[in-house]
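Down below is the structure, laid out as structure tokens.
In what follows, chains carry the letters A, B, and so on, assigned in the order in which the sequence lines appear, proteins first and then strands, with residues in each chain numbered from 1.
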Amino acid sequence: MDNKLQIYNTLDRKKELFTPLHPPLVGLYVCGPTVYGDPHLGHARPAITFDILFRYLSHLGYKVRYVRNITDVGHLENDADAGEDKVAKKARLEQLEPMEVVQYYLNRYHKAMDALNVLPPSIEPHASGHIIEQIQLVKEILDKGFAYESQGSVYFDVPKYNKEHKYGILSGRNIEDMLNTTRELDGQEEKHNSVDFALWKKAAPEHIMHWPSPWSEGFPGWHLECTAMSKKYLGEVFDIHGGGMDLVFPHHECEIAQSVASMGQEAVRYWMHNNMITINGQKMGKSLGNFITLEEFFTGNHAMLSQSYAPMTIRFFILQAHYRSTVDFSNDALLASEKGLARLMEAYNNIERIEAKQNGENAEIKALEAKCYEAMNDDLNTPIAISNLFEATRIINSAIAGQLSVSQSDIDNLKKLFETFLFDLMGIKDEMKDGNTSYESFAKAIDLLLDMRQQAKQNKDWATSDKIRNELTTIGFEIKDTKDGFEWKLNK
RNA sequence: GGUUCCUUGGCCGAGUGGCUAGGCACCGGUCUGCAAAACCGUCUACGGCGGUUCGAAUCCGCCAGGAACCUCCA
């Protein structure tokens, strides 16, 4: 397929034509979650953003190997190089095996991602399962002279690296500024420079998770896992590395340094970063305690929510903003998304009611597909693609209302437009119908009731007619009369 | 303090020099037994001040306000 996909590369801060290293193969690596708590709205953003990329690249005909890691060791509290491991801390607090904590939250993460219709990645490697690879990487960096051992721990020598290569190319920082502004923290006396970061940490006696290594009984530094695992599964150089913008520094900057130090070249060709979800203008995050978990959205069990929200509403809400913009969460914004999505779904479900009344092809309808592709090619501009689907919705509704006559070919084009862009690429699904085997029987029963109401209406028995409508409305159905019958839908 | 970035109509949110998305809400009309929905129409904004240009939301400068990162966070 003719590829015109432009993606914004954080490395040079502009959009570039995407050209894979080894077409038709594409290597995609995305930083996954640290599994020590329930997934919240912030986790949904990168998962959905890169799910769209995964789906679109596959749609374009690429064979994508999508690797999304699970951080289950090495991610420390308070500081990247000192403090307590997040997973281990949770395990200690809850008196569980660390792997019990990991498994519990990983299951919940998977469940939430599944609800959001996020496709599973091709490979989901765990950091703890790749200790050997990480130790090997530390050895290579030591061999090249860009790291040093200190009291059983190994640190990356950032100033030395910076003399031969530039440290800070991704985040736009320079090392002098960092040396002047980095705070003094505990446990840094082992480091030669405050900007150095840990590759291997010697475990304190109370530390639960540790492995043998040439330097000490210990555990790998956080930045190491992504470099080691991406190399193992995608090769020394691969196409796209994604993650949240908050990972640009230091995590991704350190990954670049590790790759260059060990291999002499950068591993990643395109760096992509999704922006944050904010709440009252501030980043939604664990540290600020202002996050809302996905489960709370699905159940509506949160003070800021006026009701429960379907997973698809959350997904649609996220897709209505460009992935590089911050998106400010509010209950009102979510309500607006819910209504908007319902409008799209209804239009799609009603396409079959359009009667073909002419031949030929409507140019405006035909153009929508090209416009949607154009939007997706422009750095995955889902809000523009969605706006075109709303144009299609207007056309569908006009045709049903008899204010516009279209051909069978137009109808097919409209149907295909929704199926390609809304369902296949943006990953929206009909939560009522998909996977619900009893839906058909259920729908027939409602149709039967409404047929009876039609009879009553014909007999001008408004009492019976209104009773059926009102009671169904109370249960949560929305009943609409049309000129040739009726429509219904169940609101959640 | 350093680095990066943002400020669009009642709300959300696209848009990098002229063609000024889209959704939600509101209002008016059509349709309807009533209603709902739908359709049509209305409302037409770009933080402030300058500059460049025939022309700027869009480029440049200054000012104001805000955010992210610099410490774990998607």
Within the sub-3.5 Å range, which N or O atoms of nucleotides 15-18 of chain B have a protein N or O partner, and how far apart are they?
unit_1: B:G15; atom_1: OP1; unit_2: A:N381; atom_2: ND2; d: 2.9

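- In this structure, A:I396 atom CD1 and B:A37 atom C1' are separated by 15 Å, rounded to whole Å.
- What separates NZ of A:K283 from P of B:C5 is a distance of 18 Å, to the nearest Å.
- Under the 4.0 Å criterion applied to side-chain N and carboxylate O atoms, A:D51 and A:R315 are assigned as salt-bridge partners.
- The side chain of A:R453 has B:G33 as its nearest neighbour among B:A74, B:G33, B:C40.
- Using cut-offs of 30° and 60° on the angle between ring planes, the pair A:F421 and A:Y373 is perpendicular.
- A:H251 and A:H223 have tilted rings, their planes meeting at an angle from 30° to 60° on a 0 to 90° scale.
- Checking B:C69, B:G22, B:C39 against the side-chain heavy atoms of A:D246 singles out B:C69 as nearest.
- Distance A:F317 CZ to B:G23 P: 17 Å, rounded to the nearest Å.
- The separation between A:R315 atom CZ and B:G23 atom P is 21 Å, rounded to whole Å.
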With pairs defined as Watson-Crick or G-U wobble and both distances under 3.5 angstrom, please note down RNA chain B as a dot-bracket string, | for pairing with another strand. (((((((..(((.....[...)))..((((.......)))).....(((((..]....))))))))))))....
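- Distance noted for atom P between B:U44 and B:C6: 28 Å (whole Å).
- Atom CG of A:N290 and atom P of B:A67 are 12 Å apart (whole Å).
- The side chain of A:P46 has B:A74 as its nearest neighbour among B:C39, B:A74, B:A21.
- For A:D481 against B:C31, a side-chain-to-base donor-acceptor contact under 3.5 Å is absent.
- Here the nucleotide nearest the side chain of A:D466, chosen from B:C70, B:C39, B:C34, is B:C34.
- When rounded to the nearest whole Å, the span between OH of A:Y323 and P of B:G13 equals 18 Å.
- If you check B:A74, B:A38, B:C12 against the side chain of A:A333, the one that comes closest is B:C12.
- Between the side chain of A:S387 and the base of B:G23, no donor-acceptor pair of N or O atoms lies under 3.5 Å.
- Taking atom C1' in both B:C34 and B:C40, the straight-line distance is 23 Å, to the nearest Å.
- Contact annotation: A:K457 does not reach the phosphate of B:G33 (side-chain N/O to OP1 or OP2, under 4.0 Å).
- The side chain of A:K489 places no N or O atom within less than 4.0 Å of a non-bridging phosphate oxygen (OP1 or OP2) of B:A36.
- Note that A:R45 lies outside the cation-pi zone of A:Y323, set by a 6.0 Å cut-off to the ring centre and a 45° limit from the axis.
- For A:R343, a side-chain nitrogen or oxygen approaches OP1 or OP2 of B:G23 to under 4.0 Å.
- Side-chain contact check for A:T227 and A:Q258: at least one donor-acceptor pair (N or O, by modelled atom type) lies under 3.5 Å.
- Taking the six-membered ring for Trp and the full ring otherwise, A:Y309 and A:F317 have centroids separated by 6.0 Å or more.
- With distances taken from any side-chain atom of A:R173 to the nucleotides B:U4, B:U3, B:A35, the minimum falls on B:U3.
- Which of B:C69, B:A74, B:C39 sits closest to the side chain of A:S398 comes down to B:C39.
- Spacing between atom CD of A:Q458 and atom C1' of B:U32 amounts to 16 Å, rounded to whole angstrom units.
- The separation between A:I279 atom CD1 and B:A74 atom P is 16 Å, rounded to whole Å.
- Residue A:Q282 places its side chain closer to B:A68 than to any other of B:A68, B:C39, B:G13.
- Comparing the C1' positions of B:G28 and B:U42 gives an interatomic distance of 7 Å, to the nearest angstrom.
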Could you give me the CA-CA distance, side-chain angles and deciding distance for A:D239 and A:Y29, then say whether side-chain hydrogen bond (donor to acceptor under 3.5 Å, both in side chains) is met? CA-CA 8 Å; A:D239 296 301; A:Y29 188 97; over 6 Å; no
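- Below the 3.5 angstrom threshold, one finds a donor paired with an acceptor across the side chain of A:R469 and the base of B:A35.
- If A:F390 and A:G285 are placed on RNA chain B by their nearest nucleotide, the residue sitting closer to the 5' end is A:F390.
- Straight-line distance between the C1' atoms of B:U53 and B:C11: roughly 35 Å, to the nearest whole Å.
- Annotation: cation-pi geometry satisfied between A:R173 and A:F249 (NZ/CZ under 6.0 angstrom from ring centroid, within 45° of ring axis).
- For A:N274 and B:A74, the shortest distance from a side-chain N or O to OP1 or OP2 is not below 4.0 Å.
- A salt bridge between A:K371 and A:E374 is absent, with no side-chain N of the basic residue lying under 4.0 Å from a carboxylate O of the acidic one.
- Of the candidate nucleotides B:A74, B:G13, B:C24, B:G13 has the atom nearest to the side chain of A:A321.
- Evaluation of A:W462 against the base of B:G33 yields a stacking contact (centre distance < 5.5 Å, interplanar angle < 30°).
- Taking the P atoms as reference points, B:G18 lies 32 Å from B:U3, given to the whole Å.
- Side-chain rings of A:Y155 and A:F197 stay apart, their centers remaining 6.0 Å or farther from each other.
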Going by atom type alone, with no hydrogens or angles, which donor-acceptor pairs under 3.5 Å involve a side-chain atom of residues 112-123 of chain A and a protein atom two or more places apart or on another chain?
unit_1: A:N117; atom_1: ND2; unit_2: A:G427; atom_2: O; d: 2.9
unit_1: A:S122; atom_1: OG; unit_2: A:Y66; atom_2: N; d: 2.8
unit_1: A:S122; atom_1: OG; unit_2: A:Y66; atom_2: O; d: 3.4

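- The aromatic ring centres of A:Y104 and A:Y36 sit 6.0 Å or more apart.
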